[in-house]
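Computed from heavy atoms alone, side chains included, the values below leave out hydrogens, waters and symmetry copies. Here is how names work: the chains are called A, B, and so on, in the same order as the sequence lines, proteins then strands, and each is numbered from 1.
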There are 2 protein chains.
Amino acid sequence: MYSVTRSNDTRTALIETTKALLWERGYAATSPRAILERAHVGQGSMYHHFSGKEELAVAAFERGAAGVLQRARDVLATDGTPLARISNYLMLQREILRGCPVGRMAGDADVLASAELAAILTAAFGQLRELIVSVLQEAVDAEELAHDADPRDLADTVLAVVQGGYVLARAAGDVAPFERAVRGAVSLLEVHSADGAAR
Amino acid sequence: MYSVTRSNDTRTALIETTKALLWERGYAATSPRAILERAHVGQGSMYHHFSGKEELAVAAFERGAAGVLQRARDVLATDGTPLARISNYLMLQREILRGCPVGRMAGDADVLASAELAAILTAAFGQLRELIVSVLQEAVDAEELAHDADPRDLADTVLAVVQGGYVLARAAGDVAPFERAVRGAVSLLEVHSADGAAR
DNA sequence: GTCTATATACTGATAGAC
DNA sequence: GTCTATCAGTATATAGAC
């Protein structure tokens with residue numbers, strides 16, 4: 001049983017190291033060699049635990065996406081009015097200049113070319129969307145948003161502001177564009193809110 | 001003079017081919033070999049006209065960014081109310097699943113590591129931002145937006161919705177998320193607009 | 001289960017003939 | 001100005017010892 005324990009440690013080290021490198025460099029630009037060197041593991045171990053780079057990346061990306069989703073669930077499930085929870089999600093503390101561990105994968109052609117990696121990516125945003133749609137629907141039901149507001153449209157607007165904010169911040173080498181984009185979105189939702197009550 | 005003419009043709013072919021590959025694959029994943037094969041040019045020609053991959057990419061990215069900016073200027077300078085022009089920009093016909101030729105570069109670590117490529121990227125979004133801030137300021141002056149709306153914040157919100165829309169669409173393998181995000185943003189600006197007049 | 005050695009193809013760049 | 005030949009280095013994967 002010692003071998004099993006040791007195996008799990010090596011396996012976990014490979015996955016965690018790959019998760020970090022996927023975030024830093026993306027999939028195509030992350031080489032098995034870079035993973036092995038950072039994890040202090042020999043070549044053979046990786047090919048013992050995984051069939052190759054893709055299978056390892058799948059395991060790592062699954063963990064990364066699960067972490068992002070958990071963080072979103074936590075902030076969207078706290079107390080406060082529905083719209084306040086959306087604002088909290090938008091203003092969530094993020095490592096902006098590092099980019100989104102999930103969203104960054106959408107720019108990598110090799111990710112979209114891998115059925116498994118693309119499926120994780122699609123599913124992650126699908127679940128994020130569902131969470132946000134649900135909170136926005138609550139906002140409409142509570143008359144925090146106008147009755148004709150479309151929660152499905154607005155959910156993608158919210159997600160896009162965050163994902164686009166990352167892009168603008170990295171392009172500028174500065175978090176300011178992200179912060180402005182989010183502040184602008186929150187102000188639009190708040191006006192919408194004030195208006196919603198009036199109608 | 002024949003040699004000069006021929007040189008310009010080869011040079012242009014290299015730049016245009018690189019521009020296409022940067023859009024398709026990004027910078028890191030575009031190899032000199034791929035450029036040369038698609039442009040039907042030998043190895044030596046590239047190193048005659050350019051010092052290497054980076055210098056060629058700079059020339060190609062400059063052209064690509066100029067094209068995107070020109071397109072934005074065209075739609076933002078048409079007639080119509082300021083807010084209508086912003087809506088037109090948001091709803092502009094785009095090759096959504098291909099991604100934004102400018103924005104996609106922000107996800108490429110090698111682009112940010114190149115001083116020249118990063119400068120083009122930063123400048124392109126800086127100029128887009130100026131264009132949009134200016135139209136949003138017109139909207140405030142014309143009382144199409146509330147007097148306390150911040151054109152600088154909202155400009156980044158608009159840019160982020162577009163850039164994030166690309167990310168969501170590629171992640172879903174479907175243009176629908178882009179279209180929902182834009183529709184949501186337009187609806188928020190319109191409500192803001194209706195409200196602006198009332199205040 | 002882990003390691004080192006090796007294989008094959010590709011990367012970005014240079015050399016030098018024409 | 002353009003070409004082919006070549007280089008040292010890396011990417012992904014396999015072989016086989018321990």
Within 6.0 Å of CD in E116(A), more than 12 heavy atoms from elsewhere: no
Pairing annotation in dot-bracket form, given for DNA chain D with Watson-Crick or G-U pairs under 3.5 Å and | for cross-strand partners: ||||||||||||||||||
Residues forming a side-chain hydrogen bond (donor to acceptor under 3.5 Å, both in side chains) with T122(A), sequence neighbours excluded: none
Rounded distance (Å) that lies between atom C1' of dC3(C) and atom CG of L14(A): 14 Å
Nearest-angstrom distance from the residue atom CG of D110(A) to P of dT12(D): 9 Å
Using a cut-off of strictly less than 4.0 Å, decide whether [X] has a side-chain nitrogen or oxygen near OP1 or OP2 of [N].
X      : N      : result
S45(B) : dC3(D) : yes
H49(B) : dT2(D) : yes
H48(B) : dT2(D) : no

Nucleotide of dT14(D), dG1(D), dC3(D) approaching Q43(A) most closely (side-chain heavy atoms): dT14(D)
Nearest-nucleotide pick for Y47(B), side chain only, options being dC3(C), dG1(D), dA13(C): dA13(C)
Electrostatic pair D110(A)-R25(B), nearest N-O below 4.0 angstrom: yes
Residues E24(A), R38(A): salt bridge by 4.0 Å N-O rule: yes
Set of residues satisfying salt bridge (Lys or Arg N to Asp or Glu O under 4.0 Å) with respect to R63(A), sequence neighbours excluded: E16(A)
Contacts of type salt bridge (Lys or Arg N to Asp or Glu O under 4.0 Å), residue R183(A), not counting sequence neighbours: D153(B)
L131(A) CG to R85(A) CZ distance, which is reported to the nearest 0.5 Å: 11.0 Å
Nucleic acid contacts of residues 28-37 of chain A, taken as heavy-atom distances under 4.0 Å to DNA chain D: T30(A), S31(A), P32(A), R33(A)
Considering all heavy atoms, the nearest G26(B)-D108(B) contact: C-OD2, 3.9 Å
Nearest heavy atoms of V186(A) and S87(A), plus distance in Å: CG1-OG, 3.8 Å
4.5 Å side-chain heavy-atom contact, R94(B) and V162(B): yes
Those residues of residues 52-62 of chain B lying under 4.0 Å from DNA chain C by at least one heavy atom: G52(B), K53(B)
R104(A) charged N/C atom sitting above W23(A) aromatic ring, 6.0 Å / 45°: no
